[in-house]
Amino acid sequence: MSSMKLSSGHTVEAVEDEELEELKRLFPGPITKNSLIRLQPNGWFFPSDYLTFCDKLYNFKLYPTDVIVMTFAKCGTTWTQELVWTLRNNPDLNNPLADKPLGERTPFFEADSLMYSRLVDTMATEGTHPQVELLSQVNPGADWRNGVNWQLAEALQHPRTIKTHLPLELMPNDLLKTTKVVYVCRNPRDCILSWLHHNRLFKGTDFTGTLDQFIDIFIKEKWLHAPYSTHINTAWKVRDNPNLLFLFYEDLKADILGQLKRVDNFLGTNRTEEQLKNVASHSSFPEMRKRSYESEGLKVGEAKDRYNKEVHDKEGGFFRKGVTGDWKEKFTPAQIAIIDQYVQDNLPEIPFKYSV
Ligand code: A3P
């Protein structure tokens, strides 16, 4: 595997031996039935399904009207997807397409890396899968075996808004020459808590370990989407590029209208104050939470099939708290010190905000 060279220039290493055993123990969900890999340089961490699609992703044709919402996981991706899509397509809140699920309006570019093996199993046993159905509606000629999500992105009506957790390094080479990127980062303490919750909530990962173990995995940068530090540092270095807008989750929380004005300016959407207020209220935490449940025919507070019900009932669903500073309730001083040391060593330039 190590001799394999990808279009991005990275080489591939398998995660092996004790490290693999530990991850399989801590994340017993189906995601670790796959083998796990790292790409070098930087150690980008993926299930091996990534290898089936990475060259297609790297060679994906981008257009100047595309907008990429780029984040490390749990940094405010979903919120920003709705903000950007609504700003571009629904500033008067009268676009019927807004009723479609967010994931359909703003596809998750590399999601096949995370779900393809399970999708293959479902197709083999049940002969159908909602994502395959969707692909056949929007792009009847497409073969799902080539990957569903990047093909959904490809078939999206222009102007397209696309979500990714891929770092700049793994996106098409011409990304910042062609396309606008809205990059969002979140302070590592809240990000870790939210990411821990996500990995416990979803049956796909089913994290069984402790907060200490999760912090250790995070700072050693050995789980999906890692390394958090390089992901953010690379975007920070190009924050003055006219095609990249660097946002902080905490600033969105503190002053959503002010930050929306920056996004409006960056994208050239030229919305009125009234329209920006529409976008902000339509994308608020309670509104998005309510719509997310309703889109699955559930009441807020009812667990979805793919969630661990106990975790959901006790700690909340995907839309958990939506605040800055929850870490104050959850971390010990020793845990904060470990994370701060990681930040000092790896992210010295980033002006993180830990409360708003
Ligand atoms: P918490 O787990 O801290 O509540 P991502 O979309 O990148 O996966 O990030 C998810 C985090 O953003 C979760 O954080 C979620 O609750 C929060 N979030 C989602 N929608 C939001 C919104 N409209 N406003 C504020 N936070 C939101």
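Atoms within each ligand, like the ligands themselves, are counted from 1 in listed order.
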Taking the six-membered ring for Trp, are Tyr249 and Trp79 closer than 6.0 Å centroid to centroid?
yes
Fellow cluster residues of Trp85, listed by chain then number, with links counted only when side-chain atoms sit under 4.5 Å apart:
Leu97
Pairs in or reaching into residues 51-80: which pass salt bridge (Lys or Arg N to Asp or Glu O under 4.0 Å), with residues at least two apart or in two chains?
Asp66-Arg160
Do we get Lys203 above Tyr307's six-membered ring, with its NZ or CZ under 6.0 Å from the centre and within 45° of the axis?
no
Taking the six-membered ring for Trp, are the ring centroids of His225 and Trp44 within less than 6.0 Å of each other?
no
Is there any side chain to side chain donor-acceptor pair (under 3.5 Å) pair reaching into residues 119-130, and which pairs are they, with sequence neighbours excluded?
Thr128-Glu133
Identify, chain by chain and in numerical order, each protein residue with a heavy atom under 4.0 Å from an atom of ligand 1.
Lys74, Cys75, Gly76, Thr77, Thr78, Trp79, Arg186, Ser194, Tyr249, Ser283, Ser284, Phe285, Met288, Phe318, Phe319, Arg320, Lys321, Gly322
